[in-house]
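Have a look at the structure below before the remarks.
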Amino acid sequence: MGQTRNIGFVGHSGSGKTTLAAALLEQAGEREVQLDSSPEEKRRGYSIDLAVCSCNWKDTKLNLLVAPGLGEFIEETIKAAYTADLVVLVVHGEKPVEVVTEQAWEILAKAGKPVVVFVNMMDLPEADPDKALDALRAGLNAKFWPIQWPVKEDGELVGVVDLLSGEATGPKGKIPIPEGIKGHVEGLKGQLVEEIASLDDALAEKFLSDEEITAEELASALAKGVAEGTFVPVLWGSATGGVGVVELLDALRALAPAPEIEEVPRLGAFNILSAPYLGRIAFVRVTGGELSEGNAWIHLRTGNKVQIRDIYTLRGTKLEKSGKAAGGDIAALGKLEDIALGDTIAVEGAEPYPEPPFPKPVFSRAVYPKSQGDEEKLSTAMRDIVSTKATLKFERDNVTKEAILSGMGDVQLDVVRERLKNRYNVEVELRIPKIPYLETIKKQATAQYRHKKQTGGHGQFGEVHLRIEPLPRGEGFQFVDETKGGVIPQQFIPGVEKGVREAMQEGVLAGYPMVDIKAVVFYGMYHPVDSSELSFKIAARQAFKLAAEKAEPALLEPIMLLTVIAPEAFTGDIISDLNARRGKVLGMESQDGKTVVKAEVPLAELLSYALDLKSMTQGRATFQMEFLRYDFVPAQLQEKIVAEAKASHEG
């Protein structure tokens with residue numbers, strides 16, 4: 001095999017990416033092609049994970065990276081875009097520009113990768129090539145140039161015309177060009193030649209001088225324009241009808257640039273999955289040299305030496321043990337249990353492979369195992385699943401003690417729920433998470449408490465006088481000893497501090513942890529025989545509670561910094577909705593034809609924002625949020641939250 005090319009396939013759900021990839025594999029001679037093979041994909045009927053497959057076409061090995069098209073799985077589109085040498089944007093013939101089409105186009109622009117557009121489903125009755133071109137040019141604001149044109153007879157798609165060669169082909173070979181489109185094809189060819197010539201100064205001169213430009217010169221300039229991102233060719237066809245499939249294979253072979261080979265070999269883990277009978281598999285791009293079993297390289301995240309053992313290459317959709325992989329190729333590595341998504345394995349002194357800009361999770365649910373005995377299994381399984389996805393996070397909330405799973409939306413989290421059951425035999429419920437409220441005080445207060453207990457032998461005695469006062473937000477806790485004259489012996493002062501800290505773990509309003517408080521012990525009494533550290537800890541705990549009740553206790557809630565990016569038409573609705581969520585809009589600005597809205601919003605108002613924003617904007621808006629600070633809960637809401645918390649404790 002002479003050369004390798006890595007090709008990504010991205011686009012909106014339903015545009016036919018998976019069907020197209022299967023058609024390409026089968027046309028190239030691969031059999032038993034199985035894409036969308038996980039139980040979750042089979043049940044749902046759509047792609048969930050990045051599919052990695054391969055075929056040989058003429059003298060070229062084509063590695064195909066096929067991304068799902070639902071917005072919640074946009075991580076897979078990012079993986080394909082940043083790993084591939086060229087990306088095919090697959091669009092629907094009747095509705096070329098959809099939500100994920102726009103998102104994928106933005107990702108490709110940031111990745112700086114060459115793009116080819118394949119307009120699929122041109123056999124549908126409303127699929128019109130002129131309308132499709134207009135929609136692409138208007139919706140994605142770029143120059144798209146057809147290098148083919150679809151051929152229809154009696155409304156049926158039968159093939160495509162290569163505009164440069166003037167030959168028309170169908171699934172079974174050459175076909176005649178219908179008389180009705182010959183003039184249009186000639187006009188398109190003239191425009192195409194002029195556009196390609198403009199990509200090269202020497203060809204531009206030839207064109208302006210009416211000199212002949214050879215087919216080889218045009219092909220070379222076209223490939224150069226695609227590689228540099230200055231020319232986006234458009235191809236047509238129908239994956240289900242087999243039209244345009246051979247032509248796409250030829251185009252990929254001719255237009256995809258060669259992989260960049262680095263002097264220092266590195267392996268970048270761009271995709272992790274669990275394969276039947278093989279266990280955990282890491283798909284890596286070999287950026288230089290040759291990878292062989294037995295190589296001992298460095299796992300850059302851990303610093304540990306890793307021996308490469310099982311190397312697989314792709315044959316269709318199957319993994320075959322190969323023992324080696326060449327630079328520029330994609331390989332799968334087994335028996336690397338410690339490897340996670342984004343990790344780099346390399347020779348000593350290499351830099352980590354740069355991680356693509358994945359979005360942060362924005363939708364969270366609390367995870368409760370249906371069986372109490374599954375707690376440990378759940379933690380192990382979740383660590384395994386989360387390490388394969390950049391947009392999933394699993395952690396235990398320090399305040400509410402709930403296990404929180406975060407992702408891009410309800411569909412992605414439901415897939416995780418299914419996988420826990422299918423792969424790890426752990427059944428869980430996903431619930432709306434509790435808000436991690438905190439408590440604090442608004443004014444200074446003092447209190448005292450005497451702990452006295454007499455039993456047989458030594459008793460218990462300790463008296464603590466405590467003053468508490470509020471600290472600025474985020475200061476946490478300060479403890480000060482202002483006692484004088486030994487009223488509390490120094491060996492018992494640590495007990496006082498421990499008692500205060502323990503009391504702060506359960507606030508006096510609703511039982512939430514207390515923060516941003518300065519506690520000062522200024523007086524006390526002790527007994528030479530009955531006093532102990534425990535006695536003073538108990539006294540301090542009770543003194544703190546009494547003081548806190550007098551210090552105007554208040555609830556604090558987490559405030560998030562929200563950034564929403566949406567088409568301008570939805571700005572008014574978004575602003576109104578944020579106001580209804582107690583949000584404070586910080587500002588708006590235009591960015592690449594869209595509006596960016598920044599706002600401060602309480603977390604309590606954002607628990608289902610991912611779903612609500614999707615509904616409000618037909619899925620065309622995206623958002624990110626990050627924790628900003630804690631702030632006071634409005635009085636009327638505080639009363640309601642405290643009442644609910646007390647009812648919960650009593651229940």
Nearest-0.5 Å distance that lies between atom CD in E549 and atom CG in L509: 9.0 Å
From CD (E497) to CD (Q478), nearest 0.5 Å: 11.0 Å
Pairs touching residues 379-389 that satisfy salt bridge (charged side-chain N to carboxylate O under 4.0 Å, His left out), sequence neighbours left out: D49-K389, E76-K389, R280-D384
Heavy atoms from other residues, nucleotides or ligands near NZ of K321 exceed 12 (cutoff 6.0 Å): yes
Identified side chain to side chain contact (heavy atoms under 4.5 Å, CB included) partner of I330 from the options N271, L65, L64: L65
V306 side chain near L336 side chain, heavy-atom distance below 4.5 Å: yes
Pair K79 + E75, salt bridge at N-O below 4.0 Å: yes
Donor-acceptor under 3.5 Å (D343 side chain, A340 main chain): yes
Test: K370 and E427 ion pair at under 4.0 Å: yes
Electrostatic pair K42:D36 at N-O distance under 4.0 angstrom: no
Among D410, I48, L392, L420, side chain to side chain contact (heavy atoms under 4.5 Å, CB included) partner for V415: I48
No-hydrogen, no-angle side-chain donor-acceptor test under 3.5 Å, H451 and Q542: no
Check: L611 main-chain N/O paired with S608 side-chain donor or acceptor under 3.5 Å: no
Heavy-atom side-chain proximity of I404 to F394 below 4.5 angstrom: no
Considering all heavy atoms, the nearest P558-I435 contact: CD-CG2, 3.9 Å
Flag for N422-E40: side-chain donor and acceptor within less than 3.5 Å: yes
Salt bridge R629-D631, side-chain N to carboxylate O under 4.0 Å: yes
The single option from T287, N295, T344, L291 passing side chain to side chain contact (heavy atoms under 4.5 Å, CB included) against L267: L291
Check: L586 and L561 side chains under 4.5 Å, non-hydrogen atoms: yes
Whether over 12 other heavy atoms sit under 6.0 Å from N398 CG: no
Partner residues of E557 under the side chain to side chain donor-acceptor pair (under 3.5 Å) criterion, sequence neighbours left out: R582
K377 atom NZ: more than 12 heavy-atom contacts under 6.0 Å: yes
By side-chain contact (heavy atoms from CB on, under 4.5 Å) - contacts of S322 (at least two apart): I311, T313
Contact check, side chains of Q412 and F363, non-hydrogen atoms, under 4.5 Å: no
Donor-acceptor side-chain pairing of D338 and N304 below 3.5 angstrom: no
Distance-only donor-acceptor check, side chains S37 and Q34, under 3.5 Å: no
Mutual orientation of the aromatic rings belonging to F270 and F283 [parallel < 30°, tilted 30-60°, perpendicular > 60°]: tilted
Check: L613 main-chain N/O paired with T617 side-chain donor or acceptor under 3.5 Å: yes
Under 3.5 Å: donor-acceptor pair, side chain of K360, backbone of M625: no
Let me have the donor-acceptor pairs involving side chains of residues 350-357, under 3.5 Å, with sequence neighbours excluded, atom names and distances please.
none

E439 side-chain N/O to V508 backbone N/O, donor-acceptor pair under 3.5 Å: yes
Any side-chain heavy-atom pair of S406 and T391 under 4.5 Å: no
Whether F73 and Y46 hold their rings parallel, tilted or perpendicular, with breakpoints at 30° and 60°: tilted
More than 12 heavy atoms of other groups within 6.0 Å of R44 CZ: yes
Exam field: side chain K17 to backbone V66, donor-acceptor pair closer than 3.5 Å: no
Ionic contact status for K537 with E502, cut-off 4.0 Å: yes
Pairs satisfying salt bridge (charged side-chain N to carboxylate O under 4.0 Å, His left out), at least one member in residues 503-517, at least two apart: R473-D516
Inter-residue atom distance I468.CD1 - L546.CG, 0.5 Å rounding: 10.0 Å
From E605 atom CD to D577 atom CG, the distance as rounded to the nearest 0.5 Å: 9.5 Å
Side-chain heavy atoms of V367 within contact of M382, under 4.5 Å: no
Atom NZ of K614 with >12 non-hydrogen neighbours under 6.0 angstrom: no
Residues which pass side chain to side chain donor-acceptor pair (under 3.5 Å) with T101, listed by chain and number, not counting sequence neighbours: none
Within 6.0 angstrom of E475 CD, more than 12 heavy atoms from elsewhere: yes
Point-to-point distance, once rounded to the nearest 0.5 Å, from CD of Q624 to NZ of K598: 10.5 Å
H12 side chain to E98 backbone, donor-acceptor under 3.5 Å: no
Minimum heavy-atom distance between L50 and A80, given as atom pair plus value: CD1-CB, 3.9 Å
Under-4.0 Å salt bridge between K318 and E32: yes
Pair E418 + R43: basic N to acidic O under 4.0 Å: yes
